[in-house]
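Residue numbers start at 1 and run along the sequence shown. Heavy-atom basis, side chains included; hydrogens, waters and symmetry copies ignored.
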Amino acid sequence: MNRLFICCTLAFLLIACGNNDEPNPPVPEPVESSNMTVMGYFVADASNIEDDIWTNISAMYDGLSLMKKSATLLIYWDGSGSYGSWDYPVVLRYTTDGHGNVNGHEPLPEDATVEEVIELAEVVKKYPSQLSTDKDVMSKVLKDLIDLSPTEQIGLIAASHGSSWLNTIYMSRSTRSFGQDGKGTDNTMIIKDMADAMKSTGKHFDFLLFDACCMGTIEVCYDLRDAVDYQIASVMEVPAYGFPYENSLHYLYEGNLDGYKKICQAYIDFYSEQTSNAWGTIAIVNSKEIQALTDIVKQEIIEHKDLLANYDVNVLQEYGRQGGPDIAYDLEQFIKTLNENNNPSSFKAQLDKTILYKGCLTEAHPSSYAVDADNFCGLGIYIPIPSRSKWNDYFKTIDWYMASGWNEVTFSWIF
């Protein structure tokens, strides 16, 4: 009897002790997966903006940790070994579970360093030293990124230096179409090569966001029109900080035009609130409408070719390096001046189909970067001028030159 009592008592105590254990941690609610994979092609080897691009990656980490969907960010990085990172090109992967955890780690504190963010990166591919602005190299890397993508829908952020359609090989000053890989300015990529590299993947990109200066021109858009649905770019310089990814990266994962408009608005809002190094333009271009816009621009150029023979660009709003190398002028304002300051209805209707969002800072720091919103349509256009003879020589070789009708103009000066 005593044994039975003792056994029952022990059993009761064991059960009681078990009930006092800490409850199991709650299982997180399942979250939706994003249908979009965002990819980065970041070229900064020996570049003076390498630190800024590292800061962009850190901001992207913050943006991922705030997402309410699970998602993947893939970044091709080619830079020096700063911040204790890699001195060879790599593909980095960051994934968020939609609960704030990135790569299986709880969110880092707000004062986390760039080094701490880099330490959390998953290195999924390494490359030998290579020229990342070479067309074949970019093609291979993009194919690798696509193979690593968990989704069918993909978008690309291209971050480096940029100077519209210009090619530094033909220039007398430091300019580049896209990218600077290594010391000097010859290690750059022309836009046609970039478009060919993207198309060679066999995959159509949903968006291409240029975190690079001066890429919002019709010449660039024309070359890229068959590679991507939406082109997001600034016609003037992009401040060194770039996009405020920490609070806007998640908009890209919406994978639709509304999301792309939101990140553009976040860009404008961010710099509107700054008191230094704050200026900007941004636009979203519908690639499917570029050819139709080009056809109308061609009609206007050919119809007014006599006027263009002695055209004065000084009446136009100019975009580009401060102090101006005359990279681009406002496209709509240009067409207006050809028509006694009237906007042809066919041009305006097509422009509205092509430019789906535009934003600019009318007050800037420094003030010389302020933009006249009444003469800002979102896209720039190069107009040949006598002082840019080397540029003009190269301009004749790009596809836009023939497509736009500039070849029909007989200038009063040697062209």
Side-chain angles (χ1 to χ4, degrees), residues 164-165 191-192 195 199 204-210 214-236 256-258 260-261 264-265 268 281-308 311 313 315-319 327-360 371-384 395 398-409:
S164 186
W165 56 272
I191 301 306
K192 183 172 176 57
K199 289 186 286 188
H204 197 78
F205 290 75
D206 201 71
F207 71 81
L208 170 59
L209 186 154
F210 276 113
C214 305
M215 305 308 288
T217 66
I218 194 165
E219 297 88 1
V220 171
C221 291
Y222 186 80
D223 271 348
L224 291 164
R225 68 193 186 283
D226 295 326
V228 59
D229 286 338
Y230 301 104
Q231 301 180 48
I232 305 170
S234 169
V235 70
M236 64 189 302
N256 55 46
L257 180 59
D258 285 343
Y260 308 148
K261 289 181 178 179
C264 289
Q265 189 60 51
I268 294 297
T281 62
I282 198 70
I284 302 175
V285 175
N286 183 353
S287 295
K288 295 176 182 177
E289 298 294 338
I290 281 291
Q291 185 61 61
L293 182 63
T294 297
D295 293 341
I296 294 175
V297 171
K298 180 177 183 177
Q299 289 177 338
E300 291 293 325
I301 288 175
I302 294 176
E303 182 179 339
H304 298 93
K305 62 183 181 180
D306 292 339
L307 176 62
L308 287 169
Y311 187 79
V313 297
V315 301
L316 300 177
Q317 180 157 243
E318 188 264 333
Y319 307 105
I327 290 177
Y329 299 88
D330 191 79
L331 173 61
E332 184 175 21
Q333 188 185 21
F334 168 61
I335 297 298
K336 282 182 178 180
T337 62
L338 299 182
N339 293 275
E340 299 180 344
N341 215 30
N342 294 312
N343 208 350
S345 58
S346 60
F347 170 79
K348 177 59 176 173
Q350 186 56 46
L351 188 69
D352 290 343
K353 292 179 183 178
T354 308
I355 310 298
L356 304 179
Y357 173 96
K358 62 177 182 177
C360 66
V371 173
D372 174 11
D374 291 336
N375 287 308
F376 170 70
C377 75
L379 264 184
I381 183 173
Y382 176 68
I383 300 171
F395 184 64
I398 68 175
D399 290 347
W400 166 258
Y401 174 70
M402 297 285 289
S404 60
W406 280 114
N407 60 308
E408 298 282 342
V409 179

Nearest 0.5 Å, please: how far is [atom2] in [Y] from [atom1] in [X]?
{"X": "Ile335", "Y": "Ile296", "atom1": "CD1", "atom2": "CD1", "value": "9.5 Å"}
{"X": "Ile218", "Y": "Arg225", "atom1": "CD1", "atom2": "CZ", "value": "10.5 Å"}
{"X": "Tyr319", "Y": "Leu331", "atom1": "OH", "atom2": "CG", "value": "9.5 Å"}
{"X": "Ile398", "Y": "Tyr382", "atom1": "CD1", "atom2": "OH", "value": "9.5 Å"}
{"X": "Gln350", "Y": "Ile290", "atom1": "CD", "atom2": "CD1", "value": "9.0 Å"}
{"X": "Leu208", "Y": "Ser287", "atom1": "CG", "atom2": "OG", "value": "8.5 Å"}

Nearest non-hydrogen partners of [X] and [Y], listed with the distance:
{"X": "Gly378", "Y": "Ala283", "value": "O-CB, 3.5 Å"}
{"X": "Thr337", "Y": "Leu316", "value": "CG2-CD2, 3.8 Å"}
{"X": "Ile191", "Y": "Met215", "value": "CD1-CE, 3.4 Å"}
{"X": "Ala403", "Y": "Lys298", "value": "O-CD, 3.3 Å"}
{"X": "Ile301", "Y": "Gly405", "value": "CG2-O, 3.6 Å"}
{"X": "Cys221", "Y": "Leu379", "value": "SG-CD2, 3.9 Å"}

A side-chain contact here means heavy atoms from C-beta on lying under 4.5 Å apart; do [X] and [Y] qualify?
{"X": "Val297", "Y": "Trp400", "result": "yes"}
{"X": "Ile284", "Y": "Lys261", "result": "yes"}
{"X": "Gln291", "Y": "Thr294", "result": "yes"}
{"X": "Asn339", "Y": "His304", "result": "yes"}
{"X": "Thr217", "Y": "Tyr222", "result": "no"}
{"X": "Glu303", "Y": "Leu338", "result": "no"}
{"X": "Leu351", "Y": "Asn343", "result": "no"}
{"X": "Leu257", "Y": "Tyr357", "result": "no"}

Is a side-chain N or O of [X] found less than 3.5 angstrom from the main chain of [Y], in a donor-acceptor match?
{"X": "Glu219", "Y": "Trp165", "value": "no"}
{"X": "Glu332", "Y": "Cys377", "value": "no"}
{"X": "Ser234", "Y": "Thr281", "value": "yes"}
{"X": "Lys199", "Y": "Asp226", "value": "no"}

* Asked: Using 30° and 60° as the class limits, which term best fits the ring planes of Tyr311 and Phe334: parallel, tilted or perpendicular?
  -> perpendicular
* What do the steps show when you test Met236 against Val371 for side-chain contact (heavy atoms from CB on, under 4.5 Å), and what is the final call? -> CA-CA 10 Å; Met236 64 189 302; Val371 173; 3.8 Å; yes
